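One structure is given here, and the rest of the page talks about it.
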Amino acid sequence: MSEREGNSLSFKLVYYGPAQSGKTTNLLRLHDQLSPELKGELMSMETKDDRTLFFDLLPLGFRAPSGLLIKFRLFTVPGQIAHDGTRKAVLSRADGVVFVADSDRSQETNNAESFQSLTDNCRRVGLDFEHLPLVVQFNKRDLPNAVPEAEIRARWSAAPWPLVLATALRGEGVGESFAALLLAVYERHAAAQELATVHGLAAAAFVAGALGQG
Amino acid sequence: MSELAFDRQWRLDELLDAAALERIGPALAELFGGEVGILDAEGGLLWGHAPDAAERRLPLILELEAIGYLASGTAAQPALHGGRELLIAILRAQVRYKMAATLHVEAVAEDYESLQRSHARLLESEARYRKLAGELEIRVKSQLLELEERQQMLYQAEKLASVGQLAAGMAHEINNPLGFIGSNLSTFKSYLEKFAALKGRLAHAENAWRELDLDFILADGFDLLTDSASGIERIARLVADLKSFSNVDRASEEYADLNTCLQHVASVMSSQLPPTIKLSLELGPLPKLVCLPGHLNQLFFNVMRNAVQAIQDAGRPGEVRVSSGRVDGGIEIRIADDGKGMSREQREHAFEPFFTTRGVGAGAGLGLSTARNIVLAHSGRIDIASTAGVGTTVRLFFPTAQ
Ligand SMILES: Nc1nc2c(ncn2[C@@H]2O[C@H](COP(=O)(O)OP(=O)(O)OP(=O)(O)O)[C@@H](O)[C@H]2O)c(=O)[nH]1
Ligand SMILES: [Mg+2]
């Protein structure tokens with residue numbers, strides 16, 4: 001949950017999805033692409049053969065006109081089925097989620113199961129899934145047997161979440177996904193945290209601050 | 001929760017406990033030429049001595065913000081910066097370890113929780129199976145009940161069948177005397193016509209008497225009347241036996257002498273017997289028995305009828321011997337015939353409904369099975385000793401109250 005500590009406000013954002021869908025790659029590219037006022041190092045906790053065992057963590061931050069420090073801590077969960085306990089623990093206290101799906105036709109079942117596990121785990125760790133800021137990213141658009149865009153859009157047309165197509169490997173759609181999530185997080189928290197009123201932060205400035213385009 | 005969470009903002013004093021400070025502090029002091037101070041985020045001193053000058057105080061940043069400061073009044077700037085990098089490297093390793101360890105504990109707790117959830121699901125499905133098993137038991141019971149009902153219906157059907165057979169036998173028996181009584185009466189009518197003719201010829205009485213053969217007619221007339229009277233008596237007796245036999249439906253228990261039952265049935269039976277078959281009774285004195293006499297009559301009738309048919313099937317003259325007597329704990333009744341006997345296979349199946357040794361149509365094949373049900377209802381026993389070609393003995397035992 002967003003945390004106010006002294007003169008700072010911290011958001012926990014989690015990249016969730018099936019194994020090998022490109023969650024870690026998203027964070028790697030964001031680390032390269034973004035230039036906010038404050039940017040920490042990407043911390044990768046234990047990987048084995050390129051697969052996340054615990055989590056990755058990328059800290060970003062900027063100061064609002066009021067002087068309030070806004071911090072974002074981006075986490076990835078391990079996608080492998082076996083690490084469900086860790087996945088749940090990392091998901092705990094999330095303020096927003098990017099669901100990274102794999103566009104590969106053969107991964108459709110894994111995507112569906114992982115999305116199901118996201119909703120189940122949200123319930124178990126006490127997150128209100130219905131009001132959770134969420135962005136759905138279909139990654140690996142560059143794959144030859146990627147499910148066609150029209151088909152994906154048709155299938156997700158009834159869903160309330162922003163849908164972003166990405167090729168994280170080439171850095172495409174990564175910033176867009178993050179920006180979409182920032183917007184949803186702002187909408188959810190702006191009023192309670194008095195972002196616009198007290199801290200002089202409109203939605204666009206909030207997103208721009210985090211991306212470093214201010 | 002967030003106090004213990006792996007993703008909390010770790011404080012410097014959590015990452016460097018007293019023992020760690022004890023090791024790192026002196027080493028840094030050595031590097032810095034004497035003086036070192038380690039301060040937390042709020043500027044509180046954790047170790048050593050810190051100068052007031054701001055340029056001698058470097059922030060320790062792991063993510064975005066300083067979680068503490070490293071200070072020295074004696075160190076050259078390059079040494080101070082180098083020492084800061086060293087300390088940050090140590091803190092990074094420390095924070096990785098702390099996060100991993102705490103996350104591990106959280107993950108294990110989550111795994112344990114999901115284990116408990118699947119355990120609960122298992123219990124739930126076990127309960128479901130238990131319920132199912134209970135329902136099955138109830139269904140089996142209700143089906144058993146249905147079977148029993150059907151058995152009861154079969155028994156009723158068999159009862160009707162044997163009552164019908166009895167009625168047919170009775171009709172035949174009653175027809176016999178009725179036949180000769182009818183014929184006697186019509187002969188007697190022609191005799192009376194002769195007496196009427198005599199009236200016109202009374203003048204020649206002597207001759208007419210002779211010509212009309214009235215001496216014979218008188219004698220035969222008396223014979224016919226005696227004969228008819230005995231026929232009527234036989235009909236009356238048959239009807240009386242029939243009445244006592246048809247008590248089957250009076251299902252209340254009575255205190256009865258089984259010998260009386262046997263005598264009734266034997267007398268019904270003997271009226272149907274062909275001349276080549278003898279029925280003999282050797283009845284010993286019996287204590288009275290609380291029983292359903294109607295049902296027992298039915299039972300004795302079935303067994304005796306089987307005996308008679310076994311003799312008929314053998315195609316030779318024979319005898320059915322019915323005996324009764326007291327034995328240890330109760331009453332024993334034997335019904336023995338010297339008829340066709342049963343094979344071993346027939347004996348094994350004898351008590352099954354629908355099993356019959358006779359051709360289809362001659363009997364429903366329910367005789368012995370019904371007999372056994374009646375015996376069991378009286379807490380008795382029935383067994384069969386039989387040798388093919390020699391004969392069969394059915395032994396019935398009824399316990400008497402102590
Ligand atoms: N073709 C293609 N490959 C990609 C893309 N994004 C990531 N990958 C590759 O997919 C593999 C997995 O990427 P990761 O970012 O490690 O996946 P992850 O979701 O963190 O995987 P886990 O940590 O096991 O859950 C790597 O070999 C990436 O190079 C993409 O857009 N296109
Ligand atoms: Mg990963």
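Everything numeric here is computed off the predicted structure, so don't read it as measured data.
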Taking only Lys NZ, Arg NE, NH1 and NH2, and the carboxylate oxygens of Asp or Glu, determine whether [X] and [Y] approach each other closer than 4.0 Å.
X        : Y        : value
B:Glu135 : B:Arg139 : no
B:Asp7   : A:Arg93  : yes
A:Lys12  : A:Asp95  : no

In this structure, is the centre-to-centre distance between the rings of A:Phe75 and A:Phe54 below 6.0 Å?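 Ring centres of A:Phe75 and A:Phe54 not closer than 6.0 Å.
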is_close_aromatic(B:Tyr97, B:Phe6), centroid dist under 6.0 Å: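 Here the rings of B:Phe6 and B:Tyr97 have centres that are no less than 6.0 Å from each other.
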Chain A contact via B:Val95 - which portion, at a heavy-atom distance below 4.5 Å: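 B:Val95 touches chain A through side-chain heavy atoms alone.
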Any residues in residues 107-122 of chain A near chain B, with a heavy-atom distance under 4.5 Å, and which are they?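 Those residues of residues 107-122 of chain A which would need a heavy atom under 4.5 Å from chain B do not exist here.
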Going by the side chain to side chain contact (heavy atoms under 4.5 Å, CB included) test, name the single residue among B:Arg8, B:Gln9, B:Glu14 that passes it with B:Arg11.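 That would be B:Glu14.
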Will you find, in the side chains of A:Asp50 and A:Gln20, an N or O donor that is under 3.5 Å from an N or O acceptor?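 There is no such pair between these side chains.
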Is it the case that A:Ser21 and A:Asp102 place a side-chain donor and acceptor less than 3.5 Å from each other?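 No pair is found: no donor N or O on one side chain lies under 3.5 Å from an acceptor on the other.
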Aromatic plane relationship, A:Phe11 with A:His189 - under 30° parallel, 30 to 60° tilted, over 60° perpendicular: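 Geometry flag for A:Phe11 against A:His189: tilted rings.
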Is [X] in contact with chain B via its backbone, its side chain, both, or neither, using a 4.5 Å heavy-atom distance?
X       : answer
A:Val90 : both
A:Leu69 : side chain
A:Arg73 : side chain

Are there more than 12 heavy atoms of other residues, nucleotides or ligands under 6.0 Å from atom CZ of A:Arg63?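 Check passes, neighbour count above 12.
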For chain A, which residues from residues 57-88 of chain B lie under 4.5 Å away (heavy-atom distances)?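 Under the 4.5 Å heavy-atom cut-off, B:Glu63, B:Leu64, B:Glu65 qualify.
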Say whether, by atom type as modelled, one donor and one acceptor occur between the side chain of B:Asp17 and the main chain of B:Asp13 under 3.5 angstrom.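 Flag not set: sc B:Asp17 to bb B:Asp13 has no pair under 3.5 Å.
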Any sub-3.5 Å donor-acceptor pair from B:His295's side-chain atoms to B:Val375's backbone N or O?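 A pair under 3.5 Å: no.
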Can you tell which of A:Asp84, A:Leu60, A:Leu58 has the highest number of heavy-atom pairs within less than 4.5 Å of chain B?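 Going by pairs under 4.5 Å, I would pick A:Leu60.
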